[in-house]
Amino acid sequence: MSWEKKVSKRFSESSRRQGWFSGLFSMIGMGVGCFAMIVSLSVMNGFETLVHNKLKGFEGDLRVMGQVSENDISELDGIETVMPFIERRGVIGEGNDQRVVSLKAVDVKKMTIFYNLPLRGLSPTIGEVAVGQDLAYRLGKDVGDEIMVYSPIDQSFGFGLPPKMRMIISGIFSTRVLDYDDRFVFLSLQDGKKLFKRKSGLDGIDIRVSPHVDVSSLRSKLVQYFGESVTIHSWEDLNRSLVDAMKMERLGTIVILSLIFLVAAFNLAAALALISIQKMKEVGILKVMGVPTKSIQKIMIQMGMNRAGKGAIYGFALGIFLVLLQNQFGWIPIPSDIYFIDALPMVLFPKDLFIVILISFMFIFTASFISGRKLAHTKIKDGLQWAK
Amino acid sequence: MTFSLRLALRYLFSPNKGSFSSTASWLAIGGLSIGITALMLTASIIHGFQEVISEKLSSFEGQGRIQHMLGNQLDLSNPKLDSLIQSNSGSFSPFVRGVCMVRAGTHADGVLIEGVERLPKAISGDQNKGINPGEIVLGHGLANELEIQKGDKVYLQVFSSASSSAFSRRIKPVVVKYIFHSGLQEYDKTLAYIQLDDARDLFGFENNSVSGLIVNDDISAIRNKISYPYFFETWRDRHSLLFEWIALQRWPAYIMFGLIALVGIVNIIAAIAMIILEKSGQIGILMAQGTRRSELKRIFMIQGGFIGLMGGIIGGLFSMAIILIQLKFELLKIPAEIYFMDQIPFSFDFPVFGLILVITFIFCLAASWWPTKSVTTLNPAEALRYE
């Protein structure tokens, strides 16, 4: 233990008799700040992970658009499965009750492997479709019902009717993310080719990357492989605004909750100011004995760390504890008709823990540094003048 | 009282520089005003969000709509409706609504068509502009998707008819007259307006039939007059889930930002306690001179109250400034696709602002009362021993 540490401990111990609560209050402030930050970041992460997983489950990791064939890709390393698709705006419905949707023709044999869709019923085969639950609800249809599918874009102008097909609903999925349950209809590639007359070939291929393979490196490999003839999107590109909004919300939360640290730092500064007034005399004596300014500064920072740092650690631990409890038991419920789950999701990333610790200690350090500076720069004469 | 007040002010505005009690008080004031600012801005955003949504929804949808209970067409010559319209002339406008496909080149998208006589206020501003036959007004989200501009020709295509086997195809070419930008994604991407008779023609309505009536003002008088088979729905009823969601989001936000104010109030307790500690010598002298303990307590209560007052004033002014700056210059933008609007919606919610100020002030008084208890146990001899 360095001597500065020892002195800082003495200083706080001697004022403990009367001023223990000022230390306690600095602890409370920092603790509340850390706790709030850990909890709110973990809730945001929870929702974010949930949405990411749902989006990824629906779209795969990468999407290659352009004239490619399935066989070109599936041989590459790091690819788990691929899903060729054709997508087209179309109409589904019966009689007057019709909806405009995105018809997505996919390789139906691979549907259950590729997509992570909570599906009621079966995935479609030829002559069948899978629709989202909102769409099914609006159309008043259920699994096994018949429905008409039209592709008006493929109708040639002037004469003829739009290509249409009578199909059976084989399954109803509910992703409960964005408006997917209202917008997408899955059908087989064979039916898609029949319906989309004016379209030749595939629109693109969705790729699911094997676990533990870096998506961005695979992406650059694909770019090399295909060159300029294709465009490659990740699911983040496809949902850019959602991803950006989540990032922004997270930054906003960190900034705003840092205000708690700021207010707590004010408190710490006041507490340290009190100690510096009380210890003016001692510091004068120390200086007479040849202690450098830097050491006094160090003592003050040490004291700040001792008080507020402890609070930060407690709040931190309490926050983590709450997250673990919630993950284990799911005590905090949320209305599942508005959000899509019934217990508050909480996920902690090591990065966040690091950020919280870093920010809180930055504030503690700055507050103790500023309030200690005056004391450290006390002139010997001033320090001892008031000595009684 | 004047005695306590004078001492309290002396402690706050101490003439000697770097006095502890004034430093601690100003730090407490700073902390509290940050907390109050955070709370006020939260209230302002929640209120603003609600206000913007309400305003946009009502300007698009009118105050309410009269429709048939089963979604059937309304026959305007029906005596029941006719008398209603006659008695409240001017406050109704008929509309025809339907879903169809809009095509521009190889792009196509579904669109909700509303056939009207006059464009809603949200689009035309105050002068209730009409719309000519053969023209369409659509949202900029839809326009982007179709890659069209003002003046382009698009095709509306309807494929519904009474029987699905006789698949009558109706295609109507229209010219884009105007592209509106509401900031509400739902409207910008799915809604389009055409002329009432065009819509009747497109969706196969009789000359005197409409989908419903838009009520433009004075709902309360009309509400009671509407009976089966018609029903009346306000925009608030229609979007009740959205408002429920806002109400639900409110509490976590208030708790989170309340924490900042809470830490600010904890600061006040600590500040007053430390000031008492630092001033214990002087308190001892005052006591020895015969000052009553209640008077001494009052000094510190006044100080706490002053901190609360200043915190409230500074915090209040600061948040007003932020709100005004945002309203004027619109600096803080948010992505419209996710949040219904393209900038952070601040607005003045004075009742809640007042409530926040009153509550924090009461908390401040309570917070400064607590540490003054130590004054009652202070022994003058003890306090003065080391002076």
Side-chain angles (χ1 to χ4, degrees), chain A residues 15 18-19 21-22 24-26 28-29 32-33 35-36 40 43 88-91 93-101 148 150 152-153 155 157 161-162 164 198 241-242 244-246 248 253 256-257 259-260 262-267 269-271 273-274 276-278 334-335 337-338 374 388, chain B residues 18 20 23-25 27-28 30-32 34-35 37-38 98-101 103 106-111 155 157 159-164 167 169 171 241 244-245 248 252 255-257 259-264 266-267 269-271 273-275 277-278 280 334-339 371 386-387:
Chain A
S15 60
Q18 350 145 296
F21 50 76
S22 70
L24 179 77
F25 286 129
S26 327
I28 291 177
V32 167
F35 177 75
S40 53
V43 170
R88 207 125 124 125
R89 282 280 174 170
V91 175
E94 197 82 60
N96 273 326
D97 208 6
Q98 293 180 326
R99 300 270 151 191
V100 177
V101 292
M148 290 300 288
Y150 309 94
I153 300 180
Q155 169 195 358
F157 268 98
L161 297 173
K164 61 175 175 178
R198 304 211 312 191
S241 59
L242 186 67
D244 284 349
M246 281 178 157
M248 192 191 72
T253 310
I256 287 164
L257 291 185
L259 289 179
I260 301 186
L262 181 65
V263 176
F266 282 179
N267 189 358
L274 179 65
S276 9
I277 287 169
Q278 288 174 331
I334 49 174
D337 55 338
I338 294 184
K374 207 172 131 207
K388 294 148 198 161
Chain B
F20 172 75
T23 314
S25 309
L27 280 174
L32 188 68
I34 291 174
T37 309
V99 178
C100 77
M101 195 126 184
R103 290 179 63 178
T106 54
H107 299 280
D109 211 334
V111 64
Y155 298 89
Q157 188 175 7
F159 11 74
S160 59
S161 66
S163 67
S164 60
F167 192 88
R169 104 200 117 76
I171 295 180
L241 196 66
E244 218 174 279
W245 176 76
L248 196 76
I255 291 171
M256 273 296 153
F257 299 113
L259 281 181
I260 303 178
L262 182 75
V263 174
V266 166
N267 270 8
I269 302 180
M274 287 190 291
I275 290 169
L277 198 71
E278 198 241 356
S280 59
I334 48 178
E337 284 161 62
I338 311 291
Y339 298 105
Y386 302 105
E387 286 293 311

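What you see is a predicted model, and the numbers here were worked out from it, not measured in a lab. The chains referred to below are lettered A, B, ... by the order of the sequence lines, with proteins before strands, and numbering in each begins at 1. All values below were derived from every heavy atom in this structure, side-chain atoms included, with hydrogens, water molecules and symmetry-related copies excluded.
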Checklist outcome for this item: Rounding to 0.5 Å, atoms CZ (B:Phe257) and CD1 (A:Ile260) come to a distance of 9.0 Å
Return the minimal non-hydrogen interatomic distance between [X] and [Y], and the atom names on each side.
X: A:Ala271; Y: B:Met274; answer: CA-SD, 3.4 Å
X: B:Gly31; Y: A:Phe266; answer: N-CD1, 3.3 Å
X: A:Val100; Y: B:Cys100; answer: CG2-O, 4.1 Å
X: B:Leu259; Y: A:Ala36; answer: CD1-CB, 3.6 Å

Checklist outcome for this item: Ranked by heavy-atom pairs below 4.5 Å to chain B, first place among A:Leu257, A:Asp244, A:Ile256, A:Val43 goes to A:Ile256
Checklist entry - Which residues satisfy the salt bridge (charged side-chain N to carboxylate O under 4.0 Å, His left out) test with A:Arg89, sequence neighbours excluded? => result B:Asp109, B:Glu145
Item to check | Set of side chain to side chain contact (heavy atoms under 4.5 Å, CB included) partners for A:Leu259, sequence neighbours left out | outcome: A:Leu262, B:Ile34, B:Ile260
Next on the checklist: I want to check something: taking the side chain as every heavy atom from C-beta on, are B:Asn267 and A:Val263 in contact at a cut-off of under 4.5 Å?
Outcome noted: yes
